[in-house]
Amino acid sequence: MRIPEMKLAEVWDRGFSVIEGFLDKETLKEAQEGLWSLYPRPEEYFANPEKYAKFSSTQFSGLELFPYPDWALNRLCVHPDLIDGAERFLSSKDLEIYKVELWAKYSGAINYDQPLHRDYGNHSLVVPRADGANTQMTTFILLSDVTEHDGPTKLVPLEYSRDVPNWPVWPATTAAELREKEVAATAPAGSLMIYKTDVLHRGSEFTLPNRSRFCLLVDFQERGLPWTGKMSWPSRALSPLMGQALSRMTPRQRDLFGWPPAGSPYWNEQTLRDVGLRYPEMDLSPYAAGAPRSMRKVQGI
């Protein structure tokens, strides 16, 4: 589903927006099935929570970093409508994905309640600009229904928090007053939540037993901001799963991970040969086509 312009405008004005029906039913179903390559199904978890004690270590024990064993999950972070929305929101096509996390929560594993905070704390060395320049776009793709009982993210609209200084990221002195203004991001599976890193928000606790929540977090920013980011994709490059994911992507999708684009001076006879050896399933013809004419002869095109 193409993200409506009014929803992107709402993110700028309110700080966040929820788009229901973002994923079509088939894409959602396949992604949900892909979850079980990484996590226990809810019925399995709740039948024997002690077997899955790792989820009780911290609130973040259910986090898994990109890439994933199932393409149905990997492809969500490069969903064409997500890329299109990021390009329009950030007013640029020169973008990068700087974080992808999959997050599972099971009620009773641990207390998931959090104080109000802003996410830029570990997404930037500095603070967000109030005028919107250098903005980061953070997202949650909901892979399960999120009701008031399922630990929804709770956010404070910007109209109530614009005057709260950006530091510290955990503004304890105003937390009680701001909690009265919170909005719970409840929505059915397949929905998308977009928010800015200067928005005060928090994770909340489950209020019923035997509940679970699964979501994929994908974050975008303009390329070339060395003071912002979170993940280093080359640090993941030796994982066979990374090679599999990159090989199935389009050139545009790879570009979002910092892959050298067609026409880059990086590409020559040697790099085309050796990258082909490293990623034998990848179609490198777009990069050969963008290489100097002498290289096209070497590649037979």
Side-chain angles (χ1 to χ4, degrees), residues 1-3 19 21-42 44-45 62-87 93 95-105 137-146 187-194 212-221 230-262 275-287:
M1 169 186 172
R2 191 169 195 261
I3 301 169
I19 300 94
F22 174 70
L23 296 180
D24 63 80
K25 292 182 179 180
E26 182 177 352
T27 299
L28 172 60
K29 181 178 180 181
E30 291 175 355
Q32 289 173 325
E33 284 300 312
L35 290 171
W36 317 136
S37 64
L38 293 159
Y39 301 114
R41 295 175 183 268
E44 295 172 345
Y45 176 86
L63 283 178
E64 294 285 348
L65 306 183
F66 178 90
Y68 308 111
D70 199 309
W71 174 244
L73 291 170
N74 290 328
R75 69 179 179 179
L76 293 186
C77 69
V78 288
H79 191 292
D81 289 330
L82 187 61
I83 296 172
D84 171 72
E87 290 174 345
K93 291 185 179 292
L95 303 179
E96 62 182 351
I97 292 174
Y98 72 89
K99 188 200 76 177
V100 182
E101 297 172 335
L102 196 61
W103 200 353
K105 295 181 178 182
M137 172 176 152
T138 51
T139 73
F140 276 49
I141 300 175
L142 304 185
L143 299 179
S144 59
D145 294 339
V146 178
S191 299
L192 172 70
M193 180 179 73
I194 304 173
S212 56
R213 197 194 81 169
F214 303 90
C215 54
L216 182 69
L217 289 60
V218 188
D219 298 349
F220 295 82
Q221 64 183 17
K230 191 170 184 184
M231 292 182 175
S232 167
W233 300 121
S235 72
R236 313 285 294 164
L238 289 179
S239 164
L241 296 178
M242 193 67 172
Q244 294 169 20
L246 289 171
S247 295
R248 296 192 67 165
M249 292 180 189
T250 66
R252 171 59 178 141
Q253 292 170 335
R254 282 185 212 114
D255 178 63
L256 293 166
F257 289 88
W259 187 272
V275 171
L277 293 173
R278 183 171 184 175
Y279 302 101
E281 302 301 318
M282 187 181 293
D283 176 14
L284 294 178
S285 60
Y287 309 105

Under 4.5 Å between any side-chain heavy atoms of [X] and [Y], yes or no?
X    : Y    : answer
P188 : D145 : yes
T138 : L217 : no
S144 : S212 : no
T27  : L76  : yes
Y68  : L241 : no
R236 : L65  : yes
D70  : L38  : no

(message) Before you tell me yes or no, could you show the steps for R252 and I83 under side-chain contact (heavy atoms from CB on, under 4.5 Å), namely the whole-Å CA-CA distance, both residues' side-chain angles and the distance that decides it to 0.1 Å?
(response) CA-CA 10 Å; R252 171 59 178 141; I83 296 172; 4.1 Å; yes
(message) Donor-acceptor check, side chain of Q253 to backbone of V78, threshold 3.5 angstrom: yes or no?
(response)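 Yes, the answer is positive, given that a donor and an acceptor are paired below the 3.5 Å cut-off.
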For the [atom1] atom of [X] and the [atom2] atom of [Y], what is their distance to the nearest 0.5 Å?
X    : Y    : atom1 : atom2 : result
L192 : M1   : CG    : CE    : 9.5 Å
L73  : L143 : CG    : CG    : 7.0 Å
R213 : W103 : CZ    : CH2   : 6.0 Å
R41  : W36  : CZ    : CH2   : 6.5 Å
Q244 : R248 : CD    : CZ    : 9.0 Å
W233 : E96  : CH2   : CD    : 10.0 Å

(request) State whether the number of non-hydrogen atoms from other residues, nucleotides or ligands found under 6.0 Å of L238 atom CG is greater than 12. (result)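 Atom CG in L238 is not crowded, with 12 or fewer foreign heavy atoms closer than 6.0 Å.
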Give the minimum heavy-atom separation between [X] and [Y], together with the two atoms involved.
X    : Y    : value
I194 : M137 : CG2-CG, 3.8 Å
N74  : A245 : ND2-CB, 4.0 Å
V100 : L216 : CG1-CD1, 3.9 Å
P260 : Y287 : O-CE2, 3.5 Å
F22  : L82  : CZ-N, 3.8 Å
C77  : F66  : SG-CE1, 3.6 Å

(request) Tell me, with the steps shown, if E87 and L95 meet side-chain contact (heavy atoms from CB on, under 4.5 Å). (result) CA-CA 7 Å; E87 290 174 345; L95 303 179; 3.9 Å; yes
(message) The criterion is side-chain contact (heavy atoms from CB on, under 4.5 Å); which residues satisfy it with S232, sequence neighbours excluded?
(response)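 By the side-chain contact (heavy atoms from CB on, under 4.5 Å) rule, S232 matches P234, S235.
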(request) Anything under 30° is parallel, anything over 60° is perpendicular, the rest tilted; go ahead and classify Y39 against F214. (result)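 Y39 and F214: tilted rings.
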(request) Could you walk me through whether W259 and M249 pass side-chain contact (heavy atoms from CB on, under 4.5 Å), step by step? (result) CA-CA 11 Å; W259 187 272; M249 292 180 189; over 6 Å; no
